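This report concerns only the one structure given below.
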Amino acid sequence: MSDDRRALVLGGGGLTGIAWMYGLVSGLLADGVDLRDADLVVGTSAGSVVGTNLAAGRDPAQLYGTQLAPPAGEIAATMGLRLALRVGAAVVRGPRDARRVRARIGRMALDTETVPEAERVGVIRSRLGDARWPADRDLWVTAVDAHTGDFRVLTRDDGVDVATAVAASCAVPGVWPPVTVGPTRLVDGGVRSMANADLAAGYGRVVVLAPLSGGLGGAASPRVQAEALGALARVALVEPDRRARRAFGRNPLDPAHRAASARAGRAQAVDVVARVARVWDS
């Protein structure tokens, strides 16, 4: 173990994943484990929303409460078989090296007619309120260049508004528009990995919350990455239990499942708190 710094890794998972993570984090805090104490927060897709709010010092109990209220201001969307087939076609349509696969998925996203980019960024901004890049810890928001397939890690040093960075990380190809950042456009960091947990290499204590264990286009699994980190650090990987998976339903972008997903995360916290505490606080 290289040091005793703590990293919190938050993976993708749509609206149900956001709700589950808020429930889980609030439940852990109620039992004395405060994941806001992280030195590094890595956020991918849904995890970038949760990570930005936690890094801003928001009260997990209040964030959990927002998920129990009737959803408002969200844009209806679906992740289903049609999207999986389009992503799969992009994967097999050329060389299989990871960057080229990501570039093909990015081109598919660029060619898809979606809601206007400004409208989608506005939805993300409403989830974050007045949150800014934190000055007292590192917040890394992951994304992928839709033109080149290059992996991007956005930080406070990039001069990008945090809501724009988070909107880019949440830009599911074929569902939401790629987001303009500088001279290019970016898509969901989950195209590279659903959690990008390998970014926490070098940190001695790592907690990974992974609502989804798979990935777009065969992206790296959070479980595989967490196991690799475990060779050099204390690592706790938390994935949804059976109750949570039932709560998510078949469409992680359906806001009607937010409340049940949040409650499932809160209930699951009781079962994982001892394991997380051994990594985070011992």
Side-chain angles (χ1 to χ4, degrees), residues 10-18 43-53 71-91 93 99-129 131 140-155 158-194 196 211-212 215-217 219 251-255 258:
L10 302 163
L15 293 176
T16 56
I18 291 173
T44 293
S45 199
S48 69
V49 175
V50 176
T52 298
N53 278 321
E74 295 290 348
I75 305 170
T78 301
M79 288 177 64
L81 179 60
R82 182 177 179 183
L83 176 63
L85 291 173
R86 294 185 67 200
V87 171
V91 171
R93 204 169 283 159
R99 187 184 64 79
R100 292 187 181 184
V101 169
R102 295 195 297 263
R104 291 197 296 274
I105 294 173
R107 285 195 294 273
M108 181 270 287
L110 291 166
D111 292 340
T112 301
E113 184 175 348
T114 64
V115 300
E117 180 181 338
E119 182 179 352
R120 173 60 178 163
V121 173
V123 170
I124 298 298
R125 197 175 299 279
S126 71
R127 296 178 188 168
L128 303 178
W140 295 354
V141 175
T142 69
V144 167
D145 190 305
H147 296 282
T148 67
D150 290 332
F151 182 52
R152 295 283 302 273
V153 179
L154 301 172
T155 75
D158 288 300
V160 179
D161 172 73
V162 73
T164 300
V166 171
S169 189
C170 292
V172 180
V175 177
W176 305 123
V179 173
T180 303
V181 174
T184 192
R185 299 181 75 192
L186 306 182
V187 294
D188 198 312
V191 175
R192 192 250 185 183
S193 166
M194 198 52 71
N196 293 293
L212 293 179
L216 294 170
N251 177 18
L253 301 181
D254 186 351
R258 287 193 332 178

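Model, not experiment: these values are computed from the prediction.
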Listed partners of [X] passing side chain to side chain donor-acceptor pair (under 3.5 Å), at least two apart:
X      : value
Arg120 : none
Ser126 : none
Glu119 : none
Ser48  : none

Is a donor on one side and an acceptor on the other found under 3.5 Å between the side chain of Arg152 and the backbone of Asp145?
no
Does Phe151 offer a backbone N or O that forms a donor-acceptor pair with the side chain of Arg192 under 3.5 Å?
no
With sequence neighbours excluded, tell me which residues meet side chain to side chain contact (heavy atoms under 4.5 Å, CB included) with [X].
X      : result
Thr155 : Trp140, Val153, Asp157, Asp158
Asp254 : Asn251, Ala256, His257
Ala46  : Ile18, Met21

Got Leu128 and Val49 here, is their nearest side-chain heavy-atom distance under 4.5 Å?
yes
Not counting sequence neighbours, which residues clear salt bridge (charged side-chain N to carboxylate O under 4.0 Å, His left out) with Arg127? List them please.
Glu74
I'd like to check the salt bridge (charged side-chain N to carboxylate O under 4.0 Å, His left out) partners of Arg125; sequence neighbours left out, ordered by chain and number.
Asp161
Which pairs, with at least one residue in residues 162-174 and sequence neighbours excluded, count as a salt bridge (Lys or Arg N to Asp or Glu O under 4.0 Å)?
none
Is there any salt bridge (Lys or Arg N to Asp or Glu O under 4.0 Å) pair reaching into residues 166-179, and which pairs are they, with sequence neighbours excluded?
none
Pairwise side-chain hydrogen bond (donor to acceptor under 3.5 Å, both in side chains) hits with a residue in residues 167-181, at least two apart
Glu117-Thr180
